[in-house]
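The structure under discussion appears below in the form of structure tokens.
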2 protein chains.
Amino acid sequence: MLVMEAGRRGKQKAAPTLHDVARQAGVSVATASRALNGSSTRTVRPEYISRVVAAAERLGYQPHLSAQAIALGSTPTAALVVSDIDDPYFSSIASGVIVAAQAHALIPTVAVADRSPARELQIVRTLRGQRPRVIIVAGSRIDGAGTDTTLDDELQAYQAVGGRVVMVSQESLRFPTVAIDNAGGGRQLASALVSRGYRRFAVLSAARKIRTSRDRCDGFLAGLREAGMPEPLVVETRFTRDGGYEATRRLLDGGPPTVDAIVTVNDVMAIGAMTAIRDAGFTPGRDVGVAGFDDISWCADLDPALTTVAIPLHQVGVMAMELALGDDPQQPVIRVPTSVILRDSTPSR
Amino acid sequence: MLVMEAGRRGKQKAAPTLHDVARQAGVSVATASRALNGSSTRTVRPEYISRVVAAAERLGYQPHLSAQAIALGSTPTAALVVSDIDDPYFSSIASGVIVAAQAHALIPTVAVADRSPARELQIVRTLRGQRPRVIIVAGSRIDGAGTDTTLDDELQAYQAVGGRVVMVSQESLRFPTVAIDNAGGGRQLASALVSRGYRRFAVLSAARKIRTSRDRCDGFLAGLREAGMPEPLVVETRFTRDGGYEATRRLLDGGPPTVDAIVTVNDVMAIGAMTAIRDAGFTPGRDVGVAGFDDISWCADLDPALTTVAIPLHQVGVMAMELALGDDPQQPVIRVPTSVILRDSTPSR
DNA sequence: ACGCACCTGGAAAACGTATTCCAACACGAC
DNA sequence: GTCGTGTTGGAATACGTTTTCCAGGTGCGT
């Protein structure tokens, strides 16, 4: 029994090293290394190469990435920080970042900050120890939080030693950014809805500290003003499906809707809002319009299909990686345009 | 101009090392290391500790994880392989795995195999070089693919040197597994729908090679047989939203539905099916029932709310990590029960 | 035939950290 | 006062790889 236990653990022969491969092939480690990586300045006898390759194959050798990293100075790794991977907004961005990373032979790493600035800071600290080539931060930047400048400093320190930082949708002046035109999208949405006959709005936004939410909300308000519409009702709630549900529920508490449409600062909130409208006994689209932001997958599969401000999220992820790997372009900010997609959740009235 | 360029690149002072910290603090590297990690067997003078900590703070020192890894033998890393991070099925599992990893102070790594067995194999190879503490594979295992045994071998080799492998929802007898009771869920679903008065079904499944799909499909068929129902129509399509849409569209090509309900082997297919039903001029739930598998987020927010076989995906992710880190339990297979959630997409008839 | 350049293999150093081992020192006991 | 013991700092080594540096050998030109 004890023997078995010992055996089980003892069988960990320790992964084969380059040294083992070299011995098997009857050459030195230097030659083995050169044979496997094909050194650029040096050439090694073809026969040796095949002997080394065969030995590596036979032993199931895999180079120890950490050892390579320490010898070469950096890790073939790209780190992404998101708030919540289960949120389609972030998972779409993540999918773009990940495929782009893999296309560049980088190992993608995903950390989840759980919508906490403190956690985000801690993650970036840890990440820095990993010496990735790239750090992409796609969290929802919170303004004014004390940790904010600290995070900036941490990233700055990382950048100072050669790391590449890219922010997604949060204009920190200090780092390259993939900027989403949230305000513009909001303005367009206002104009589009007004021309479909909507007049009185409720806007469901998240805490004002959250940049993305504020920009979208303010953009919409600006668009409304430009169209000469009266000031809408602005309700502050959480940035999630449940936030949208609860706020809408409260809104409809007193009876039939007093607004023509409910506009939320992202699609998952809009989904919650639509359910709340139904639960209150009304029909979204007919009794009250609904619109969101993001155009997450199957927005169009909802009934009624959701009007929204489309953002090419997957592309945003890809662009973030390209920007990070790019050659320090003159223009370190990529502006991503947004476009309004009108669907049945906001029929003409 | 050129100077600026040079300056920009030249400013890469190379991250501060433990050596630098030690020098700043006026102690040896050994002492510095012990001061920062708190060696278990040794004690260091309190004054030195604070001096070292202060120096580290001042320099913005972060230990080089790769160097630690090579000194200690393994990396504080947990790798997850999924087919498609943008699919809510996988992103929910991923969220569980990631939070569990972070709870154990492991850096989560996510690779996307893009539903290709070849890519999956290549990823596991690369991963092996990273020497993570655990590898969790949540792809959709494809039976019979030639690469399959190769993948098993690769994982076996990894396990032989002390790595922990966990499979999610794909019973490979050779590794610990979080097994989802897909067949049981299918059987229950059949029984539940029959007792709501449904008789004639169409089943939308994916290629038979895909285990998850086959198990769900076969379980449903078995349940139908047990209830004495006639054999349903089985349509093979892709495992995605579009697959569900197209198959349903073809199904309804000839006019009104000839079946009471359409059952799909996952929720995203069901979502596509519901849209197809509407596009064909019918109403899901009223004209034809719809049911899926997974209970992905806001299944309940659809209209009609989707009947489905619920799987605690986030929990599955957490359990996979616990299983990987656990103490080689007697029972290396965790069976996750599933439960049918009846909603308005399958009203009684 | 001699010297020189070039090719190629191997020994050794380097990367940054953790740890083993050695030495110095302080303190208590006799 | 001397010896032993326990404590703690530092030098040296190990981890697995890449790369520099050195040396031996071959081929070429004169």
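Letters go in sequence order (proteins before strands), and every chain restarts at 1. Small disclaimer: the values here were computed from a predicted structure and weren't measured. Computed over heavy atoms, backbone and side chain alike; hydrogens, waters and symmetry mates excluded.
Between B:Arg42 atom CZ and D:dT7 atom C1' the separation is 8 Å, expressed in whole Å. We find that CG of A:Leu18 is positioned 14 Å from P of D:dC15, with the value rounded to whole Å. Rounded to an integer number of Å, the gap from A:Gln130 CD to C:dG16 P is 17 Å. Summarising the geometry, the separation between CD1 on A:Ile70 and P on C:dA14 is reported as 14 Å, rounded to the nearest angstrom. Whole-Å rounding puts the A:Arg34 CZ to D:dT19 P distance at 10 Å. The interatomic distance linking A:Gln68 (CD) with D:dG16 (P) rounds to 13 Å, in whole Å. Atom NE2 of B:His19 is separated from atom C1' of C:dG16 by 11 Å (rounded to the nearest Å). The nearest whole Å value for the distance from the CZ atom in A:Arg23 to the P atom in C:dG10 is 15 Å.
If you check every strand for non-hydrogen atoms under 4.0 Å, B:Ser33 touches a base. Among the protein residues, B:Thr43 comes within range of the sugar-phosphate backbone only, with heavy atoms under 4.0 Å from sugar or phosphate atoms but none that close to a base. Residue contacts shown for B:Val29 are absent, as no nucleic acid heavy atom lies under 4.0 Å away. Across all strands, A:Leu72 comes closer than 4.0 Å only to sugar-phosphate atoms, never to a base (heavy-atom distances).
Judged purely by distance below 3.5 Å, without hydrogens or angles, the side chains of B:Gln156 and B:Arg174 pair a donor atom with an acceptor atom. In the model, B:Arg164 has no side-chain atom that pairs as donor or acceptor with a side-chain atom of B:Gln159 under 3.5 Å. Under the 3.5 Å distance criterion, with hydrogens and angles disregarded, no donor-acceptor pair is assigned to the side chains of A:Ser92 and A:His314.
Between C:dG10 and A:Ser28, a contact under 4.0 Å exists linking OP1 or OP2 to a side-chain N or O. Under 4.0 angstrom from either OP1 or OP2 of C:dG10 there lies no side-chain N or O belonging to A:Tyr48. Taking 4.0 angstrom as the limit, A:Thr31 places none of its side-chain polar atoms (N or O) nearer than this to OP1 or OP2 of C:dG9.
A salt bridge links A:Asp87 with A:Arg115: at least one charged nitrogen is closer than 4.0 Å to a carboxylate oxygen.
For A:Arg51 (side chain) and A:Ala25 (main-chain N/O), a donor-acceptor pair under 3.5 Å exists by modelled atom type.
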